[in-house]
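These notes concern the structure reproduced below.
All of these numbers come straight from a predicted model, not from anything done at the bench. Reminder, nothing fancy here: chain letters follow the sequence lines and each chain counts from 1.
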Amino acid sequence: MPASHFLHQLQLCARRRTPSTAKRLHAQLIKTALHLCVPVPNTLLDTYGKCGLVEDALHLFDEMPHRDHVSWASILTAHNQANMPHRTLSMFPAMFESDGVQPDHFVFASVVKACSSLGAVRQGKQVHARFFLSPFCDDDVVKSSLVDMYAKCGLLDNARAAFDSILSKSVISWTAMISGYARSGKKSDAFEMFERLPVKNLFSWTALISGLVQSGHSVDAFYLFIDMRREGIHIVDPLVLSSIVGACANLAVLEPGKQVHSLVIRLGYESCLFISNALVDMYAKCSDILAAKDIFGRMHRRDVVSWTSIIVGAAQHGQAEKALSLYDEMVAVGIKPNEVTFVGLIYACSHVGLVSKGRALFRSMIEDYGISPSLQHYTCFLDLLSRSGHLGEASNVIDSMPFDPDEPTWAALLSACKHHGDTQMGIRVADHLLSLKPEDPSTYILLSNVYAGARMWENVAELRKLMAAREFKKKPGYSCIDIGKETQVFYAGETSHPMKDEMFSLLKELDAEMRRRGYVPDSSFVLHDMEHQEKERQLFWHSERLAVAYGLLKAVPGTVIRIVKNLRVCGDCHTVLKFISSIVKRDIVVRDATRYHHFSSGECSCNDFW
DNA sequence: ATAGGGTTAG
């Protein structure tokens, strides 16, 4: 059998990604002693890489008596493809230091890509300099990868300079630049480039749409997706679908989410792993945890993202025990948790006050899985400790952690001091928090309550001065509710709605019944300086109450009322919604800025902590 | 023989 036959077979195998065939061909090559004939070793290396067998590729690479720039390009690319860009960068210097081989344009492209996936600007710039001085400095492919590298590192001007230096711009160069602008939230630049792009393919549309989703412009992304469908672009690859499912998740819009889901089914991508993962997350974020569980239950294959999505979903919906039992199942089937999984797990423990379980998980994360805790892990853990009254331990953790605590961290501790009546510590924390010049209006409410509780009026006065000086604008609160196919948005204090009279009398009626059942309005959640009566009136017109009233009037009787709020639910509305759920015997689900509240028979899934 | 753009969980 001639060597050319084997080369052909290997290339076929690389294209079809069939690792077992690769190994069989390798064995046959050794038997026929062809495995040393140029270019067989390099082709084998490439095939192993493409089949996902990096370790075998590396073994082969180490044994090679003679390595040229093609061998190097292949092994570096293999590591990129195996999602090990770190190894690409750590191996690269040995190319000239040990083998005396200079990088060519293929090698440059691979190394720049590795810098790009790691966000390693410093090394990226070094490679750029080396490329600039090399004989390959005119190569447009390397320049495209530089565009991507700078854009991913947030250096849009450098990316643009690289883009402008490309002599003959391909659709790939354009896509890299558009994606860079979109991901960085430079919406108008992204749109302008996209308009100028002469031929738009699925890749270019996907780059713009997914970039916008990542930078929080999910509404724009959604409308673009509709344009793309109208243009008749064939969705031959499901990646754009995962972005658009993600857009529905970000916006917490269940109806459009369901429509996208049915499109996914029509196009035949429902069983694609990362699409199912995105769907699980979308349903959880749209408050339909049952649908999320259903998708998860029907998945043929589940990876760490699938498990983490459902664990985080269960935790956020107040189902802590479920989250923890899912974790046991996940470990039992041999899936290794990662740092995101532990965020969900510690969050779950914090929800139900499982202190020792949370401590054990925090330790296990470090000791069993070698994950060093991030600020987010510390924040979850601190939340757990302080909520359950372990204030001293929480304060020790703050002192010993390798991060500077931020506003939410101190605020969580302060809220716990208030809740557990530790005035001494509360005042210390409050003073510290105040010195950080907080940004979040809710921090001021908390501080004001703590100082007022301790009768420290001069501090309350100072707080007011500070707020006036900072002139921070309170974001207007709004709540959305879907009735059938239409969405209604309610702003706080809204008085122009066509159904306002009916909503008002319903709320009045419910208010009377609530007071009979022992409800006392808690106006400490109203920030502004005003008369007591006026404060109560303000509470009465909070947007979530308007949305609930509308839902009770318009939604099909007996169905779950789902509301999405942009800010956090205030403490008084939280009490009111619990009362309403028991008075009208309806389940109400509110997704606020930080968590999910399932109100049912007078109780809430968040255990009254939020 | 080898390279560059779009992908899900906090």
Side-chain angles (χ1 to χ4, degrees), chain A residues 4 7-8 10-11 14 38-47 49-50 68-78 80-81 103-113 116 136 139-149 151-152 162-163 166 170-180 182-183 201-211 213-214 237-246 249 272-282 284-285 303-313 315-316 337-347 374-377 379-380:
Chain A
S4 63
L7 285 174
H8 181 72
L10 281 171
Q11 280 157 10
V38 178
V40 171
N42 284 343
T43 311
L44 253 173
L45 207 51
D46 177 57
T47 307
K50 292 228 168 75
D68 58 10
H69 53 272
V70 179
S71 330
W72 275 98
S74 305
I75 196 68
L76 295 177
T77 306
N80 281 348
Q81 281 168 350
D104 66 353
H105 43 315
F106 290 90
V107 170
F108 278 124
S110 291
V111 177
V112 172
K113 186 183 162 64
S116 161
F136 304 95
D139 189 86
D140 284 343
V141 171
V142 179
K143 287 180 188 168
S144 285
S145 56
L146 284 167
V147 171
D148 178 59
M149 188 273 290
K152 285 219 172 83
F163 176 79
I166 298 174
S170 69
V171 66
I172 294 181
S173 336
W174 284 88
T175 303
M177 198 63 233
I178 291 168
S179 158
R183 274 190 313 242
N201 62 16
L202 179 63
F203 267 54
S204 4
W205 282 95
T206 307
L208 182 58
I209 291 172
S210 70
V213 174
Q214 281 173 47
D237 188 300
L239 290 169
V240 69
L241 295 172
S242 64
S243 285
I244 215 66
V245 172
C272 175
L273 181 65
F274 58 80
I275 294 290
S276 313
N277 288 348
L279 285 169
V280 169
D281 180 56
M282 184 274 288
K285 290 225 169 75
D303 66 359
V304 62
V305 177
S306 337
W307 286 96
T308 302
S309 305
I310 196 71
I311 286 173
V312 170
Q316 288 180 329
N338 66 15
E339 65 281 3
V340 187
T341 321
F342 283 104
V343 172
L345 290 168
I346 299 168
Y347 182 91
S374 67
L375 179 59
Q376 203 182 1
H377 293 114
T379 307
C380 280

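Between A/Lys143 and A/Asp139 there is no salt bridge, since none of the side-chain N atoms of the basic residue sits less than 4.0 Å from a carboxylate O of the acidic one.
Side-chain atoms of A/Asn338 and base atoms of B/dA9 include a donor and an acceptor less than 3.5 Å apart. Side-chain to base pairing of A/Thr341 with B/dG10: no donor and acceptor N or O lie closer than 3.5 Å to each other. Judged by distance alone with a 3.5 Å cut-off, a donor-acceptor contact links the side chain of A/Ser144 to the base of B/dG4.
Residue A/Ile275 contributes atom CD1, which lies 16 Å from atom P of B/dG6 at whole-angstrom precision. The separation between A/Asn80 atom CG and B/dA3 atom C1' is 10 Å, rounded to whole Å. Between the CD atom of A/Glu339 and the P atom of B/dG10 there is a distance of 12 Å, given to the nearest Å. In this structure, CG of A/Asp46 is placed 7 Å from C1' of B/dA1, rounded to the nearest angstrom. Across the protein-nucleic acid pair, A/Asp237 atom CG and B/dT7 atom P stand 11 Å apart, rounded to whole Å. Summarising the geometry, the separation between CG on A/Leu45 and C1' on B/dA3 is reported as 14 Å, rounded to the nearest angstrom.
When heavy atoms are screened at a 4.0 angstrom cut-off, A/Ser170 is found touching base atoms of the nucleic acid.
Contact annotation: A/Lys50 reaches the phosphate of B/dA3 (side-chain N/O to OP1 or OP2, under 4.0 Å). Look at A/Gln11 and you won't find any side-chain N or O under 4.0 angstrom from OP1 or OP2 of B/dT2. Residue A/Lys152 has a polar side-chain atom (N or O) positioned under 4.0 Å from OP1 or OP2 of B/dG6.
Lacking a ring centre under 5.5 Å from that of the base six-membered ring together with a plane angle below 30°, A/Phe274 does not count as stacked on B/dT7.
Between A/Trp72 and A/Phe106, the distance separating the two ring centers is not shorter than 6.0 angstrom.
By the ring pair (Phe, Tyr, Trp, His ring centres under 6.0 Å) test, A/His377 pairs with no residue at all, sequence neighbours left out.
Using a 4.5 Å cut-off on side-chain heavy atoms (C-beta onward), A/Leu7 and A/Pro39 make contact.
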